[in-house]
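Here the structure is laid out as structure tokens; the discussion comes afterwards.
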Amino acid sequence: MTIQWFPGHMAKARRQVTEKLKLVDIIFELVDARIPYSSRNPMIDEIIQHKPRLVLLNKADMADRDATKQWINYFQDKGIKAIAINSQAGQGMKEIVRASQEILQEKFDRMKAKGVKPRAIRAMIVGIPNAGKSTLINRLANKNIAKTGNTPGVTKAQQWIKVGKELELLDTPGILWPKFEDQEVGLKLALTGAIKDTILNLQDIAVYALRFLQNKYPDRLTERYKLEVIPEDIVELFDEIGKLRGCLISGGGIDYDKVTDLIIRDFRSEKFGSITLEYPNERLDPTVQ
Ligand SMILES: Nc1nc2c(ncn2[C@@H]2O[C@H](COP(=O)(O)OP(=O)(O)OP(=O)(O)O)[C@@H](O)[C@H]2O)c(=O)[nH]1
């Protein structure tokens with residue numbers, strides 16, 4: 001699915017989330033653990049207002065463990081609970097329920113004191129395209145998708161998925177737009193697959209990946225392509241990888257398109273290992289001192 005975020009789309013996406021806010025106790029904000037800053041919706045705080053939230057650092061299996069810990073602390077410092085999960089393998093699912101209960105403990109205690117009958121926590125997942133929303137919903141539903149009846153009192157019928165006795169999840173997630181504030185954010189989104197390749201120049205994405213590896217993980221780059229040295233010059237680096245990998249055009253020159261595809265594919269399929277593309281201490285968020 002190609003999503004083009006025009007102002008009208010953004011307004012609609014926002015309205016859809018806003019409409020459902022009143023139905024839930026908590027928002028599960030799903031972000032990509034490799035780019036927790038760039039994969040957050042820039043207006044999320046404004047959109048969800050004071051609704052309790054749990055940040056889920058998804059695809060933690062593809063991210064650097066130490067970086068993920070730093071991100072959890074970063075959110076904690078902002079007063080937001082965050083946990084690392086792997087929706088594909090179903091890791092962290094119990095933790096989601098536990099963390100939600102912890103966050104909502106006071107609210108539910110108050111309800112109990114007022115004599116309100118105990119009920120399951122109601123939640124909704126929001127996130128940018130490709131963050132893993134459907135994968136997480138399927139995991140939490142655990143194949144036994146037990147759609148409950150419509151919630152009375154709302155004009156449009158809502159379907160809820162029961163997750164054990166403790167949690168009910170809206171079956172349609174809120175899709176929000178990513179940040180488009182600068183080129184680097186765009187490159188990170190493209191490299192991790194959050195935006196369609198056609199939006200950005202593929203070679204720019206591959207160059208970004210190579211530069212990142214050159215700086216942060218030279219050993220992994222050397223090891224993957226069996227490089228003797230890593231040329232500083234990016235064209236030379238493309239040439240070297242092309243030669244070693246046989247990415248050649250018929251006359252014998254380097255086929256840069258092939259090298260480009262190779263690098264992007266290798267990154268996405270974790271041939272360079274688990275990698276986080278941004279750290280909280282890089283002062284990415286202008287609102288953070
Ligand atoms: N390695 C890994 N891959 C994941 C994880 N969660 C989701 N994926 C993969 O990420 C891709 C996107 O997942 P989806 O569940 O389709 O994402 P979505 O947010 O529903 O995407 P849209 O429908 O575009 O909004 C799929 O290829 C999933 O298999 C995870 O925790 N680890």
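Atoms within each ligand, like the ligands themselves, are counted from 1 in listed order.
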For L30, which part has a heavy atom under 4.0 Å from ligand 1: side chain, backbone, both, or neither? neither
State if A131 counts as touching ligand 1 under the rule of any non-hydrogen atom under 4.0 Å. yes
Verify whether one side chain among K59 and T192 offers a donor that lies under 3.5 Å from an acceptor in the other. no
Could you measure the distance from the CZ atom of R119 to the CG atom of D25? Nearest 0.5 Å is fine. 4.0 Å
When only distance counts, is G132 in polar contact with ligand 1, meaning an N/O pair under 3.5 Å? yes
Closer than 4.0 Å to some heavy atom of S134 - which atoms of ligand 1 meet that? 15 (O), 18 (P), 20 (O)
Which atoms of ligand 1 have any heavy atom of N130 under 4.0 Å away? 11 (C), 12 (C), 17 (O), 18 (P), 19 (O), 21 (O), 22 (P), 24 (O), 25 (O)
Can R98 and Q101 be counted as having a side-chain donor-acceptor contact under 3.5 angstrom? no
Among K133, K59, M62, which one has a heavy atom closest to atom 18 (P) of ligand 1? K133
Flag yes if L213 and I35 sit in one hydrophobic cluster, no otherwise; membership is Ile, Leu, Val, Met, Phe, Trp, Tyr, and two members link when side-chain heavy atoms are under 4.5 Å apart. yes
Quiz item: cation-pi between K188 and F212, 6.0 Å / 45°: no
